[in-house]
Novice: 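Before I ask anything, here is the structure I am working with.
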Amino acid sequence: MSAEVRGLERRADVVLEDVFRALFEEIDLDKVREEVAGLRGSAEHGYDPLDHARAVARRTGIRCAAAGAVTGLHPVGVLTLGALGAEVGYLVYQQLRMVLAIAVIYGHEPSDRERFSEALSCLAFSSSAGIGSRIIRGRLTRFIPVVGAISAGALNYAAVQTVARAAIRHYDSRVDPVLAAEIWAEGDREHA
């Protein structure tokens, strides 16, 4: 690989990270905390971080599946490229938001700088599946738009679930749930 290609790759990585950071910074942390508090308040059988994280993943997956289905209905052409770009931005934003919610569920304060790196790692884990899904979807949409819409929704849902599993594994391995619940109950979110 030539030095010129490596330089282009590095610049592309920097631009992509800047875009992801901008999306990350647009997330309303208070709203994320409220959503998690609502889940805790509605828990019938006590607080279970895994159940709450899965609920957040399902909700996010449904939103992203709907966006994919709508985008999958567009005819091939310039409009499709624009819609696909908007959909990818929406998908990344929703996944970053979901990772933050899972961090809160497991007792981590989402405003730490560390959370961006963690969220990015979770997204990177599933990025190869996302790229493959875009290629498959592009080919399906050319032939049968309805199949493209269905596959787009299913692939977006699967991508969200992959990121959610990575986030759950990451945060579940970092905290003792009983200790985190005790700390959280005392109102010390920073150290939970």
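FYI, side chains are in, hydrogens and waters are out, and symmetry mates aren't considered; it's all heavy atoms of this structure. Here the structure is a predicted model, which means the values were calculated and not measured.
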Novice: When you check the gap from the basic side-chain N to the acidic O, do R21 and D18 get nearer than 4.0 Å?
Specialist: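 Judged by the 4.0 Å cut-off on N to carboxylate O distance, R21 and D18 do not form a salt bridge.
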Novice: Angle between ring planes, Y171 versus H108, binned at 30° and 60°: parallel, tilted or perpendicular?
Specialist: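 It falls in the tilted class, 30° to 60°.
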Novice: Give the intermediate values and the outcome of side chain to side chain contact (heavy atoms under 4.5 Å, CB included) for residues N156 and L91.
Specialist: CA-CA 8 Å; N156 277 3; L91 184 63; 3.8 Å; yes
Novice: Determine whether a donor-acceptor pair (N or O, by modelled atom type, separation under 3.5 Å) exists between the side chain of T60 and the backbone of A57.
Specialist: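 Looks like no, no N/O pair under 3.5 Å.
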Novice: If every non-hydrogen atom of Y93 is compared with every non-hydrogen atom of D28, which pair is closest and at what distance?
Specialist: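 Smallest heavy-atom distance, with atoms named: OH-N, 4.4 Å.
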Novice: Within the 4.5 Å heavy-atom criterion, are I168 and R165 side-chain neighbours or not?
Specialist: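 A side-chain contact under 4.5 Å is absent here.
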Novice: Kindly determine whether L39 and R59 satisfy side chain to side chain contact (heavy atoms under 4.5 Å, CB included), including the steps that lead there.
Specialist: CA-CA 12 Å; L39 283 172; R59 290 176 185 174; 3.7 Å; yes
Novice: Would a single hydrophobic cluster contain both Y157 and V92, if residues Ile, Leu, Val, Met, Phe, Trp and Tyr are joined by side-chain heavy-atom contacts under 4.5 Å?
Specialist: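 Hydrophobic grouping puts V92 apart from Y157.
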Novice: Determine the minimum heavy-atom distance between G89 and L23, stating which atoms define it.
Specialist: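 Closest heavy-atom pair between G89 and L23: O-CD1, 3.9 Å.
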Novice: To check you understand the geometry: which heavy-atom pair defines the closest contact between A167 and V99, and what is its length?
Specialist: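 Of all heavy-atom pairs spanning A167 and V99, the closest is CB-CG2, 4.1 Å.
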Novice: Return yes when atom CZ of R63 has more than 12 non-hydrogen atoms of other residues, nucleotides or ligands closer than 6.0 Å, and no otherwise.
Specialist: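 Counting other residues, nucleotides and ligands, CZ of R63 exceeds 12 neighbours.
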Novice: Check whether Q95 reaches the backbone of V163 with its side chain - one donor and one acceptor, N or O, closer than 3.5 Å.
Specialist: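 Checking the backbone N and O of V163 against the side chain of Q95, no donor-acceptor pair under 3.5 Å is found.
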Novice: In terms of hydrophobic clustering (I, L, V, M, F, W, Y; side-chain heavy atoms under 4.5 Å; direct or indirect links), are I62 and I102 co-clustered?
Specialist: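 As far as the 4.5 Å side-chain criterion goes, I102 and I62 are not connected within one cluster.
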Novice: Could you grab the distance from atom CD1 of I27 to atom CG of L100, nearest 0.5 Å is fine?
Specialist: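 Between atom CD1 of I27 and atom CG of L100 there are 4.5 Å.
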Novice: Can you name the nearest heavy-atom pair linking Y106 to D172, along with the distance?
Specialist: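 Taking every non-hydrogen atom into account, CE2-OD1, 3.5 Å.
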Novice: Can you give me the closest heavy-atom contact between V56 and A101, atom names plus distance?
Specialist: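 Result for this residue pair: CG1-CB, 3.8 Å.
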Novice: Closest heavy-atom contact between C64 and Q94?
Specialist: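 Where C64 meets Q94 most closely, the heavy atoms are SG-CB, 3.6 Å.
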Novice: Are any of the side-chain nitrogens in R97 or E35 under 4.0 Å away from the carboxylate oxygens of its partner?
Specialist: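 Result for this pair is yes, salt bridge flagged.
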